[in-house]
Amino acid sequence: QVQLVESGGGLVQAGGSLRLSCAASGRTFSSYAMGWFRQAPGKEREFVAAINRSGSSTYYADSVKGRFTISRDNAKNTVYLQMNNLKPEDTAVYYCAATTVVGATRNHYDYMYWGQGTQVTVSS
């Protein structure tokens, strides 16, 4: 079992940057592929980015490709989401999630562990 805690959210102007972090408990972090999802008010949770266990493979939603970068540090039990050139439509609660599925997956139902979320607000 793993517990996930996100941090790094906040208020930023359009065009700005934020770096989200997700710290995982436990000694088996490298056994999990990790993902970031987001949910805006009145909308369903949507996939943002995913990374495999070793960090050698990543996967992005088309809406964030070229602007966001997912990475992980298995020695620190942490996964990151670097968000650049933020847009108002990126405003949402961002969640990190962990899965034992091999490889990076965009399917939210593949993830069995979720953090509590961190708010990102982008003003125009």
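Here the structure is a predicted model, which is why all the values come from computation and not from measurement. Numbers here simply count residues along the sequence, with the first being 1.
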Next on the checklist: Please determine whether side chain to side chain donor-acceptor pair (under 3.5 Å) holds for the pair Asp110 and Thr99, giving the CA-CA distance in whole Å, both sets of side-chain angles, and the decisive distance to 0.1 Å.
Outcome noted: CA-CA 6 Å; Asp110 285 331; Thr99 177; 5.8 Å; no
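- Gln119 has its side chain within reach of Thr121: a pair of non-hydrogen atoms, C-beta onward, lies under 4.5 Å apart.
- With a 4.5 Å cut-off on side-chain heavy atoms, Arg45 and Arg38 do not count as touching.
- With values rounded to the nearest 0.5 angstrom, Asn84 atom CG is found 9.0 Å from Arg67 atom CZ.
- The two residues Gln39 and Lys43 have their closest heavy-atom pair at NE2-O, 3.1 Å.
- Between Lys87 and Asp90 there is no salt bridge, since no side-chain nitrogen of the basic residue lies less than 4.0 Å from a carboxylate oxygen of the acidic one.
- With hydrogens and angles ignored, the 3.5 Å screen pairs no side-chain donor or acceptor of Arg72 with any backbone N or O of Thr78.
- Grouping Ile, Leu, Val, Met, Phe, Trp and Tyr residues whose side-chain heavy atoms lie under 4.5 Å apart, directly or via other members, places Val64 in a hydrophobic cluster with Val2, Leu4, Val12, Leu18, Leu20, Phe29, Tyr32, Met34, Trp36, Val48, Ile51, Tyr60, Phe68, Ile70, Val79, Leu81, Met83, Leu86, Tyr94, Met112, Tyr113, Val120, Val122.
- In this structure, the side chains of Asn74 and Arg53 stay at 4.5 Å or more apart for every pair of heavy atoms.
- Although no hydrogens or angles enter the test, the distance criterion places no donor-acceptor pair under 3.5 Å between the side chain of Asn52 and the main chain of Ala104.
- Ser30 places no side-chain N or O within 3.5 Å of a backbone atom of Thr28 that could act as its donor or acceptor partner.
- Scanning both residues, Ala33 and Gly103, for their nearest heavy atoms gives CB-O, 3.3 Å.
- Side chains of Tyr80 and Asp73 form a contact here, defined as non-hydrogen atoms less than 4.5 Å apart.
- Looking at heavy atoms from C-beta onward, Gln82 lies out of side-chain contact with Ser71 at the 4.5 angstrom threshold.
- Gln3 CD: 12 or fewer foreign heavy atoms inside a 6.0 Å radius.
- Other cluster members for Tyr111: Phe37, Phe47, Tyr59, Val93, Tyr95, Trp114, joined by side-chain heavy-atom distances under 4.5 Å among Ile, Leu, Val, Met, Phe, Trp and Tyr.
- Judged by distance alone, with hydrogens and angles left aside, the side-chain atoms of Glu6 form no donor-acceptor pair with the main-chain N or O of Cys22 at under 3.5 Å.
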